[in-house]
Number of protein chains: 2
Amino acid sequence: MERYIDKSGYMESEQAILALAALAQSTRLEVFRLLAKHEPEGLAAGDIAKKLAVPQNTMSSHLGILSRAGLVTARRFSRSIVYRADLRAFQAVVLFMLRDCCDGRPEICGPLIEDLTPCCPPKTRRKAHA
Amino acid sequence: MERYIDKSGYMESEQAILALAALAQSTRLEVFRLLAKHEPEGLAAGDIAKKLAVPQNTMSSHLGILSRAGLVTARRFSRSIVYRADLRAFQAVVLFMLRDCCDGRPEICGPLIEDLTPCCPPKTRRKAHA
DNA sequence: ACGGTATTTCTAGAATGATCGAAACAGACC
DNA sequence: GGTCTGTTTCGATCATTCTAGAAATACCGT
């Protein structure tokens, strides 16, 4: 891990790896999807732990990892700490992954982007296939 | 990890975690981006190892992990084994992540998808910011 | 069959990560 | 201050992953 420092664009890559590693764990993946679903209100740490049936301290550790990865934000409301998914950060990771894809030949990855409409097809776009 | 088996949609989640874990490692992330850049021709295992300055056996292990995660495909050409990025599989992971996002309220994650045009803006879309 | 090239499997040591009990910390209410 | 509730930090254990040397496999040319 400390061997790739001299690569150009390393900082961004390091950030992406932090995010991917944070998501590559079942509990944390569920947490992120749960928080994405509960945008923009967010959810308190205890509620997340309860909902996913994980001890509070274990969940706290996971939330810390997601937070350090920049994928969630934490804000205190009196006693509770409300977590929210940072969808912009997630978007940045995806963009990083696809940045130089196909070396600028749209015919390769174009159709890929076509279908990237998860829950809400934007104005001028519609899903092309099943 | 063996505690979350009874969750609905587990198989898909397991697949996503496999992919995310595969990408959450600097060498493998570089490999995937390198292969994405070299679509659709692909690259031989040895060339990948050389390009990223990693021993062949270590690289082979990484390629095996990416392959088992479904993110790359391998095909033999005489002596060489040519690897290719499976961008469809990557797309599936992203779609899984965003599936139920915002619980069906387009105003939340709509703008997110707006900007998801990495290298090749599709027909009716153009990049909105720098 | 032999030698050479390309790649993978085997193996083991070092490093990293997950889990959770127990203790500590922070805020709210009386 | 005392005592709840909500959350995090500490510490220890257990499991997983990274890495690469050495050996094995697969294919090609002669």
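Every chain is numbered from 1 and lettered A, B, ... according to where its sequence line falls, protein lines coming before strand lines.
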Practice prompt. Using the rule that two of Ile, Leu, Val, Met, Phe, Trp, Tyr join whenever any of their side-chain heavy atoms come within less than 4.5 Å, decide whether F96(B) and L66(B) are in one cluster.
Written response: yes
Discussion item. Tell me the bend of the helix from dG4(C)-dC27(D) to dC30(C)-dG1(D) as the angle between end helix axes, each from five pairs, rounded to the nearest 10 degrees.
Written reply: 30°
Considering every strand and a 4.0 Å limit on heavy-atom distances, what is the contact class for [X]: base, sugar-phosphate, or nothing?
X      : value
A44(B) : sugar-phosphate
S60(B) : base
I65(B) : sugar-phosphate

Separation of atom [atom1] in [X] from atom [atom2] in [N], rounded to whole Å:
X      : N       : atom1 : atom2 : answer
I48(A) : dT7(D)  : CD1   : P     : 9 Å
M59(A) : dT9(D)  : CE    : P     : 15 Å
L52(B) : dT19(D) : CG    : C1'   : 15 Å
R28(B) : dT19(D) : CZ    : P     : 8 Å
I81(B) : dA26(D) : CD1   : C1'   : 8 Å
L63(B) : dA20(D) : CG    : P     : 14 Å
L66(B) : dT17(D) : CG    : P     : 14 Å
Q56(A) : dT9(D)  : CD    : P     : 14 Å

Search all heavy atoms of [X] against all heavy atoms of [Y] and return the closest pair with its distance.
X      : Y      : answer
R88(B) : Q91(B) : NH1-OE1, 2.8 Å
R28(A) : A22(A) : NE-O, 2.7 Å
T27(A) : M59(A) : CG2-CE, 3.9 Å
E30(B) : L52(B) : CB-CD1, 3.9 Å
A36(B) : A85(B) : N-CB, 3.7 Å

[X] side chain N/O closer than 4.0 Å to the phosphate oxygens (OP1, OP2) of [N]?
X      : N       : result
Q25(B) : dT19(D) : yes
Y83(A) : dG6(D)  : no
H62(A) : dT19(C) : yes

Discussion item. I want to confirm an ordering. Mapping T58(A) and D47(B) to their closest nucleotides on DNA chain C, which one lands closer to the 5' end?
Written reply: D47(B)
Discussion item. I want to verify a distance call: between dC20(C), dC27(D), dT8(C), whose nearest atom is closest to the R76(B) side chain?
Written reply: dC27(D)
Fill in: Any side-chain heavy-atom pair of I48(B) and L35(B) under 4.5 Å
yes
Discussion item. Heavy-atom nearest nucleotide on DNA chain D for R79(A) versus N57(A): which residue maps closer to 5'?
Written reply: R79(A)
Worksheet item: Does any N or O donor sit under 3.5 Å from an N or O acceptor when you compare the side chain of S78(A) with the base of dA28(C)?
Response: no
Response to the item:
Only residue of I81(A), V31(A), T58(A) satisfying side chain to side chain contact (heavy atoms under 4.5 Å, CB included) with L63(A) is V31(A)
